Amino acid sequence: QVQLVESGGGLVQPGGALRLSCTASRSVLDYYAIGWFRQAPGKAREGVSCISSREGSTYYTDSDKGRFTISRDSAKPTVYLQMNSLKPEDTAVYYCAAKGIYCSRYVSDFNSWGQGTQVTVSS
């Protein structure tokens with residue numbers, strides 16, 4: 001079973017930044033794509049960003065392009081989500097999840113999930 005642990009959430013003012021971390025076993029990063037998702041109260045879980053295994057290709061949702069950056073450090077082994085210029089509408093529980101090799105924007109394609117970390121953007 002794939003084990004994922006998120007950290008780095010918290011309270012930040014609008015325009016601020018946070019870096020989320022998703023820690024996994026080394027074999028996970030070698031063979032699995034890691035996606036970041038978020039779920040706001042009363043809303044469906046949605047994809048934010050993803051990084052594939054091997055070639056490390058990335059994707060972002062249109063609303064997050066230019067503000068969020070996904071990266072990975074295989075030595076840790078950790079996947080990061082750097083979030084800049086945060087907005088109140090970014091408030092949500094953020095989850096990382098794993099699926100085989102290639103990224104997908106669909107929640108249902110991911111079969112291993114972390115416990116989530118709360119991000120609150122408020123003044």
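Heavy atoms only: backbone and side chains are in, while hydrogens, waters and symmetry mates are out. For the single chain, residues carry numbers from 1 onward in sequence order. Remember, predicted model here, so these are calculated numbers, not experimental data.
- Remark: F110 CZ to C96 SG distance equals 10.5 Å, nearest 0.5 Å.
- S49 OG to I34 CD1: the interatomic distance, rounded to the nearest 0.5 Å, is 11.5 Å.
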For this session: Quick one: do L4 and T23 satisfy side-chain contact (heavy atoms from CB on, under 4.5 Å)? Show the steps, please.
Result: CA-CA 6 Å; L4 303 171; T23 301; over 6 Å; no
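- Side-chain contact between D90 and R67 is present, with at least one heavy-atom pair separated by less than 4.5 Å.
- Between the SG atom in C22 and the CH2 atom in W113 there is a gap of 10.5 Å [rounded to 0.5 Å].
- Across all their heavy atoms, A33 and S52 have their closest contact at CB-CA, 3.8 Å.
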Problem set entry | L20 vs S7, side-chain contact (heavy atoms from CB on, under 4.5 Å): CA-CA, chis, key distance, verdict | CA-CA 6 Å; L20 305 183; S7 61; over 6 Å; no
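- At a threshold of 4.5 Å between non-hydrogen side-chain atoms, the residues V121 and E89 do not count as touching.
- Remark: the backbone N or O of G9 is paired with a side-chain donor or acceptor of T117 at under 3.5 angstrom.
- Annotation for S74 and P77: closest pair O-CB, 3.4 Å, computed over non-hydrogen atoms.
- To the nearest 0.5 Å, atoms CD (Q13) and CG (L86) are separated by 11.5 Å.
- A 4.5 Å side-chain heavy-atom check between F37 and V107 finds at least one atom pair inside the cut-off.
- More than 12 heavy atoms of other residues, nucleotides or ligands lie within 6.0 Å of OH in Y95, so this atom counts as buried by the packing criterion.
- When side chains are defined from C-beta on, Y59 does not count as touching S104, because their heavy atoms never get closer than 4.5 Å.
- Side-chain atoms of R38 and K43, non-hydrogen and from C-beta on, never get closer than 4.5 Å to each other.
- Aromatic pair F68/W36: ring centres not closer than 6.0 Å.
- A distance of 12.5 Å separates CD1 of I70 from OH of Y80, quoted to the nearest 0.5 Å.
- The two residues S123 and P14 have their closest heavy-atom pair at N-CD, 3.7 Å.
- Between V48 and L81, the closest side-chain pair of non-hydrogen atoms falls below 4.5 Å.
- Residues V119 and L18 have side chains in contact (heavy-atom distance under 4.5 Å, counting atoms from C-beta outward).
- Under the 4.5 Å side-chain heavy-atom criterion for Ile, Leu, Val, Met, Phe, Trp and Tyr, L29 and Y31 are members of the same hydrophobic cluster.
- Heavy atoms of other residues, nucleotides or ligands lying less than 6.0 angstrom from CZ of R105 number 12 at most.
- Heavy-atom minimum distance, Q118 versus A92: NE2-O, 3.4 Å.
- Here the CZ-CE distance, from R19 to M83, works out to 11.5 Å after rounding to the nearest 0.5 Å.
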Exercise. Going through the checks in order, is the side-chain contact (heavy atoms from CB on, under 4.5 Å) test met by Q115 and E6?
Worked result: CA-CA 7 Å; Q115 82 288 351; E6 302 99 334; 2.9 Å; yes
